Student: 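The following block contains the structure, expressed as structure tokens.
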Amino acid sequence: MDNELGTAKAMLNTIHDRRKLSWEQLKQEKSYEEHRGNLELYSGISLTYEKYVEIIDELASHDKKIHTSIGSDLNDYKVSQDPYSAWQMYRKTLRDNKKWTEDSISNVERSAVDVLNKLAIDTHDRGPVKGLVVGNVQSGKTANMTGLMALAADNGFNCFIVLSGIIDKLRSQTANRIINDLDSSGAGNLSWKRIDKPSVANPDVRNTSSLDFSSKSKNRFVIVSLKNKARLRDLYNWLKNDISKQRQMKILIIDDEADQASINTKDVDSDERTAINKVIREIVDDSNFGAVNYVAYTATPFANVLNESGADSLYPKDFITLLEPAKNYIGPKQIFGIPDPNYAKGLEIVHQIPEQDREIISEIQDGVEELSIPDSMKASIDWFLLAVAAMRVQKFRKPISMLIHTDFKIDSHRIIESKLTDYFKYLKDNYLNELPKFEELYEDEKTCLTRGDFQNVMRGYEGDILNYPEWNDVKRELIEIFKVNSGEYYSHITIEDDGQLSYTDGIHICVDNSSAKGSESELLRLVYPEKIDKFQKAPAFIVIGGNTLSRGLTIEGLVSTYFLRKTDQADTLMQMARWFGFRKGYELYPRVWLDEQANMRYVFLSEMNEAMREEFANYSGGGVTPLEAAPKIKQSPSYVSVRITAKNKMQKAKPTEFNFSGMNRQTIIFSEDPKIQKANLVATQKLFDNLEQIGSYNKHTESKLYWENVPIDTILNFFSDYQTIPNDDRVESMDNLISWIKENRQLLMNWNVIYSGKGSLRSAQDGELNIGGKTLDPVKRSKKKQTLPGIINIGALRSPSDLTADIPLDKIPDGFDESKINEVMALRRDVGVYSTPQLIIYRIDGKSQANKDSRIREALDLDNDLIGLNIMIPASNKNNNNNKTPIDYVAVEIDEKYSEPLEIGKNVEEN
């Protein structure tokens, strides 16, 4: 049925595009009668008028999806509807071979088209296009890259260069995957030609003189190159070998993992450059090509936007686009939560490694032989074995894995492997006595993450979620693991005489690092079987490693992670989080063990990642480029201690304090001092009294009231009365904000104020906030358990939907997704309130309770209610950096070669 509906949707999209009919025109009954016959003939389904309208409403909703992009479209490229076009052939591959849903395929199409329209088919006069696409760790960005190539090929681009990592084996795998996905049947209109290791000195690679790059040619050339200076130099010499061919080349360069190897780590103020960066830049800036478009892809873009911005750099001067992850993606905000009450809880799958256990691991790795692995590591291994048993009960047909990362040192990996084998031997000899311990752990973990919990966090998740099997079934499979022959119970992957790899029903222990070579009969490194026999149990792997596991490697069926790592770099930590990704078929089993410091850092990284996306969304659609609105990256507070990236990868990062343009921040940190709490309640009542004199409130909903055109001085008086935590010297402190608003008051003369509560208006009692004798019930927010003395950290205050509470409901369109900040900002533009600063006020119940099952939250237990704020100031495309105080945000210093400094306070042009 999905395929038939997909055909009907594709046909209606074609009619919409080719006949230039609006969706409203297509919804008319006469259009239904006109097109019904062909739709039913080719799709094979009978369409009632109601179903026909339902499909069109869905297509129209997709059309309205807002992409988060900084930068303007250069073209309006078309999506070919020819079934033999490159895009339609790739779409068929995703649907038929990879079993993607129509919604997922449409998501790839929309995001790829968004990038495509920012590219140029002729760059001779304008210079190269340079852009950045930001995905998420292990979120499937390769599908977007390949989709972009297919769409570009249909629109005349003829040479595709993919810069793929620093390991040749992974480069070859990437090349095979891209070519197979683009040309799986060989029946398309275009002919994809793979060129391996191009070089003028390589007799196996044809000279460009013999290749057809003309506009009439059906050939599309694909080069997947290693990020190696010799390979890149050979590639460049090959590309420019024939000047006449070079001028015909319409090049799209895709730099995968663009923050790795491509960054110039030499002094960016000198003429010296790292070798790889130099060659890439020479290719990109060569004006003899017909067109050059450089698109960097990464999940950790900090170095790409902070290191340099000169005209001859790879700074994404033309656009930055954020990929929206698929509904089934499990990433930082799903696991660690974000400052949004809807996601504040997250999937509670993280267990803490006690400090004493961390010390034991350290001593073991230092060579203290008499020590055994600590209890937390035993628990992570026990859970892995339980997950293997449970998933085998459910006939899981893919590899199941555990990751252990305790150090980057190779000797440490060997020592941990030895300790693991000791523990496995103990379990085999004593499993009957250990079964009660396994049962207790299994039952505890079943309550830790229930199917209902998963569905509450992963809203819109596609597909069924298997529940945990009964303990007796799991116990039977667990015992079978312990009864496997000793030589196969725990072992390395074995190599047969014919060179084939052999796998058992036991546990395969893999050590994956730069020196793991194995022997003629054993393989140490992680290699998954190419296929699993239908009678074979799902194979199980424990992989111990370091830096080789941080990029480019997907650990299949990852259900248990034990992670200790001393690095404090945000990009490195994010790339090491192999537990992010898609977990189809085993959604309830993944667990992660982290020490307190690592956990705090990942919680902050989740906030940092969402803050970055929110920052981009504020400027998205405003007609500015990354040159006019340099992205700001949130820096961590001192108690978390996370560096954004290596110092030599953020050389042009400058503090951005006192530039609150585009601010959209909520208070999540409060003082425990009851005097401050009471003072804020008094300040809020004073504000409400002043608002009452200005004019009556409007109702957005029963629980959200708003006032329009509130004078700036009323707001400043409230901010002056509002008290934050003592000794707040952050850039976002109220004193700094007040100073900046006063300096820019002409842009911020009138505000919208929102009061967001619960329930509906009722008569106010003594001691309650009073709005003309009425009040709203307070919102409820619990606090995080791990906070500093004297500090209350609620983690989340505002939902994105609150940002539209000053917009009448009749102006909010059907199908509007209030959970997405980019759509919220687009709506504010559409209804004309984007340029209006906004203040949202929350009264938080001082007796708010935590979920009784939560391991990370607890009740507020305060005598007073708290007053929380969200302050949103419209984005302006000014680069006004003022270096005065300790910084919370950094942005790249824009090179003056591009343009003169922009006028201070210049407004964003509305689209």
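Keep in mind that what you see is a predicted model, and the values were worked out from it rather than measured.
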Student: Report yes if some heavy atom in the side chain of Trp593 is under 4.5 Å from a heavy atom in the side chain of Thr561; otherwise report no.
Tutor: no

Student: Check for a donor-acceptor pair, side chain of Asn793 on one end and backbone N or O of Ile669 on the other, with a separation under 3.5 Å.
Tutor: no

Student: Distance check, rounded to the nearest 0.5 Å: Ile361 atom CD1 versus Tyr562 atom OH?
Tutor: 4.5 Å

Student: Can you tell me how far the CH2 atom of Trp751 sits from the CG atom of Leu716, to the nearest 0.5 Å?
Tutor: 7.5 Å

Student: Considering non-hydrogen atoms only, spot the tightest contact between Gln334 and Val457 and give its length.
Tutor: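 Taking Gln334 first and Val457 second, the nearest heavy atoms are O-CG1, 3.8 Å.
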
Student: Salt bridge check: are Lys446 and Glu443 linked by an N-O gap of less than 4.0 Å?
Tutor: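 Looking at Lys446 and Glu443, the cut-off is met.
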
Student: Any side-chain heavy atom of Ile738 sitting closer than 4.5 Å to one from Trp740?
Tutor: no

Student: Give a yes or no answer on whether the side chain of Glu768 reaches the backbone of Gln765 with a donor-acceptor pair at less than 3.5 Å.
Tutor: yes

Student: Short question: side chain of Thr447, backbone of Asp444 - any donor-acceptor pair under 3.5 Å?
Tutor: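 Side chain of Thr447 to backbone of Asp444: a pair is present.
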
Student: Indicate whether the side chain of Asn328 and that of Arg583 have a donor and an acceptor atom separated by less than 3.5 Å.
Tutor: no

Student: Does atom NZ of Lys686 have more than 12 heavy-atom neighbours from other groups under 6.0 Å away?
Tutor: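 Incorrect, the count does not exceed 12.
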
Student: Might you point out which heavy atoms bring Leu681 and Leu769 nearest each other, and give the distance in Å?
Tutor: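 Closest pair (atom of Leu681, atom of Leu769, distance): O-CD2, 3.8 Å.
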
Student: Do the side chain of Asp802 and the main chain of Arg798 share a donor and acceptor less than 3.5 angstrom apart?
Tutor: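 Checking the backbone N and O of Arg798 against the side chain of Asp802, no donor-acceptor pair under 3.5 Å is found.
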
Student: Less than 3.5 Å apart, any donor N or O on the side chain of Ser671 or Gln723 sitting next to an acceptor on the other?
Tutor: no

Student: Of Arg358, Gln352, Glu355, which meets side-chain contact (heavy atoms from CB on, under 4.5 Å) against Glu596?
Tutor: Gln352

Student: Under 4.5 Å between any side-chain heavy atoms of Ile715 and Val753, yes or no?
Tutor: yes

Student: Quick check on the 6.0 Å ring-centre criterion: do Tyr329 and Phe582 meet it?
Tutor: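 Centroid separation for Tyr329 and Phe582: below 6.0 Å.
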
Student: If only atom types and distance count, is the side chain of Asn864 paired as donor or acceptor with the main-chain N or O of Lys678 below 3.5 Å?
Tutor: no

Student: I'd like to check His351 versus Val592 (side-chain heavy atoms, cut-off strictly below 4.5 Å). Are they in contact?
Tutor: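 No, side chains not in contact.
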
Student: How about Met377 and Asp357: do any of their side-chain heavy atoms sit closer than 4.5 Å?
Tutor: no

Student: Does Lys847 offer a backbone N or O that forms a donor-acceptor pair with the side chain of Gln849 under 3.5 Å?
Tutor: yes

Student: Would you say the side-chain atoms of Gln838 and Asp806 include a donor-acceptor pair closer than 3.5 Å?
Tutor: yes

Student: For atom CD of Glu462, is the number of surrounding heavy atoms from other residues, nucleotides or ligands below 6.0 Å larger than 12?
Tutor: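 Check passes, neighbour count above 12.
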
Student: Say whether, by atom type as modelled, one donor and one acceptor occur between the side chain of Arg828 and the main chain of Leu803 under 3.5 angstrom.
Tutor: yes

Student: Mark yes when over 12 heavy atoms from residues, nucleotides or ligands other than Lys758 sit less than 6.0 Å from its NZ; otherwise mark no.
Tutor: no

Student: State, without any angle test, whether Asp673 and Gln677 hold a side-chain donor-acceptor pair at a distance under 3.5 Å.
Tutor: no

Student: Measure the spacing between CG of Leu385 and CD1 of Ile542 and express it to the nearest 0.5 Å.
Tutor: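 That separation rounds to 6.5 Å.
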
Student: At their closest point, which heavy atom of Ile373 faces which heavy atom of Lys378, and how far apart are they?
Tutor: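 Smallest heavy-atom distance, with atoms named: O-CE, 3.3 Å.
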
Student: Can you confirm whether Phe563 sits close enough to Val350 that some side-chain heavy atom of one is under 4.5 Å from a side-chain heavy atom of the other?
Tutor: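 With C-beta onward as the side chain, the pair stays apart.
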
Student: Going by distance alone, is a donor N or O of one side chain under 3.5 Å from an acceptor N or O of the other, for Asp382 and Tyr423?
Tutor: yes

Student: Check whether Ser139 reaches the backbone of Gly135 with its side chain - one donor and one acceptor, N or O, closer than 3.5 Å.
Tutor: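 No, the answer is negative, given that no donor and acceptor are paired below the 3.5 Å cut-off.
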
Student: Taking the side chain as every heavy atom from C-beta outward, state whether Leu839 and Phe719 have any pair of such atoms under 4.5 Å apart.
Tutor: yes

Student: Counting N and O atoms only, with roles assigned by atom type, does the side chain of Gln138 sit under 3.5 Å from a partner on the main chain of Phe580, one being a donor and the other an acceptor?
Tutor: yes

Student: Looking only at the aromatic ring of each residue, does the gap between the centers of Trp707 and Tyr755 stay below 6.0 angstrom?
Tutor: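 Ring centres of Trp707 and Tyr755 not closer than 6.0 Å.
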
Student: Does a side chain donor of either Ser848 or Asp845 reach within less than 3.5 Å of an acceptor in the other side chain?
Tutor: no

Student: If you apply the rule side-chain contact (heavy atoms from CB on, under 4.5 Å), what do you find for Leu866 with Leu862, and how did you get there?
Tutor: CA-CA 9 Å; Leu866 301 174; Leu862 302 172; 3.8 Å; yes

Student: Ignoring hydrogens and geometry beyond distance, is a side-chain donor-acceptor pair present between Asn870 and Gln666 at under 3.5 Å?
Tutor: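 No donor-acceptor contact under 3.5 Å links the two side chains.
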
Student: Give the minimum heavy-atom separation between Ser560 and Ser380, together with the two atoms involved.
Tutor: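 Result for this residue pair: OG-O, 2.9 Å.
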
Student: Apply side-chain contact (heavy atoms from CB on, under 4.5 Å) to Ile400 and Val559, showing your working.
Tutor: CA-CA 7 Å; Ile400 307 171; Val559 295; 3.9 Å; yes

Student: Compute the ring centroids of Tyr468 and Tyr589, then answer whether they are less than 6.0 Å apart.
Tutor: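 Centroid distance Tyr468-Tyr589: below 6.0 Å, so yes.
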
Student: Where is the tightest heavy-atom contact between Leu776 and Gly757, given as atom of each residue plus distance?
Tutor: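 In terms of heavy atoms, the two residues are closest at CD1-N, 4.0 Å.
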
Student: Count the heavy atoms of every other residue, nucleotide or ligand shown that sit under 6.0 Å from NZ of Lys584, and state whether that count exceeds 12.
Tutor: yes

Student: Are the side chains of Thr667 and Ile794 in contact, using a 4.5 Å heavy-atom criterion?
Tutor: no

Student: Please evaluate residues Val543 and Ile404 with respect to the criterion side-chain contact (heavy atoms from CB on, under 4.5 Å), reporting the C-alpha separation (whole Å), side-chain torsions for both, the decisive distance (0.1 Å), and the verdict.
Tutor: CA-CA 6 Å; Val543 54; Ile404 297 177; over 6 Å; no

Student: For Gln394 and Leu466, which heavy atoms make the closest approach, and how far apart are they?
Tutor: NE2-CB, 3.9 Å

Student: Let me confirm one number: the CD1-CD1 distance from Ile416 to Ile364, rounded to the nearest 0.5 Å.
Tutor: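 The distance works out to 5.5 Å.
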
Student: Please round to the nearest 0.5 Å and tell me the distance separating atom CD of Gln685 and atom CD1 of Ile867.
Tutor: 9.5 Å

Student: Checking Ile844 against Asp865 for the side-chain contact (heavy atoms from CB on, under 4.5 Å) test, could you report, in this order, the C-alpha distance in whole Å, the side-chain angles of both residues, the deciding distance, and whether it holds?
Tutor: CA-CA 5 Å; Ile844 303 167; Asp865 290 347; 5.9 Å; no

Student: Does a donor on one side chain and an acceptor on the other come within less than 3.5 Å for Tyr461 and Glu587?
Tutor: yes

Student: Would you find a donor on one side and an acceptor on the other, under 3.5 Å apart, between the side chain of Arg578 and the backbone of Ile555?
Tutor: no

Student: Rounded to the nearest 0.5 Å, what separation is found between the CG atom of Leu403 and the CD1 atom of Ile544?
Tutor: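 CD1 of Ile544 is found 10.0 Å from CG of Leu403.
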
Student: List the steps, then state whether salt bridge (charged side-chain N to carboxylate O under 4.0 Å, His left out) holds for Arg843 with Asp777.
Tutor: CA-CA 8 Å; Arg843 178 164 65 104; Asp777 288 332; 5.4 Å; no

Student: Please determine whether salt bridge (charged side-chain N to carboxylate O under 4.0 Å, His left out) holds for the pair Arg591 and Glu445, giving the CA-CA distance in whole Å, both sets of side-chain angles, and the decisive distance to 0.1 Å.
Tutor: CA-CA 9 Å; Arg591 299 289 187 274; Glu445 291 301 323; 2.5 Å; yes

Student: Could you tell me which residues satisfy ring-ring contact (aromatic ring centres under 6.0 Å, His included) with His700, sequence neighbours excluded, listed by chain and number?
Tutor: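 In terms of ring-ring contact (aromatic ring centres under 6.0 Å, His included), with neighbours along the sequence ignored, His700 is linked to no residue.
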
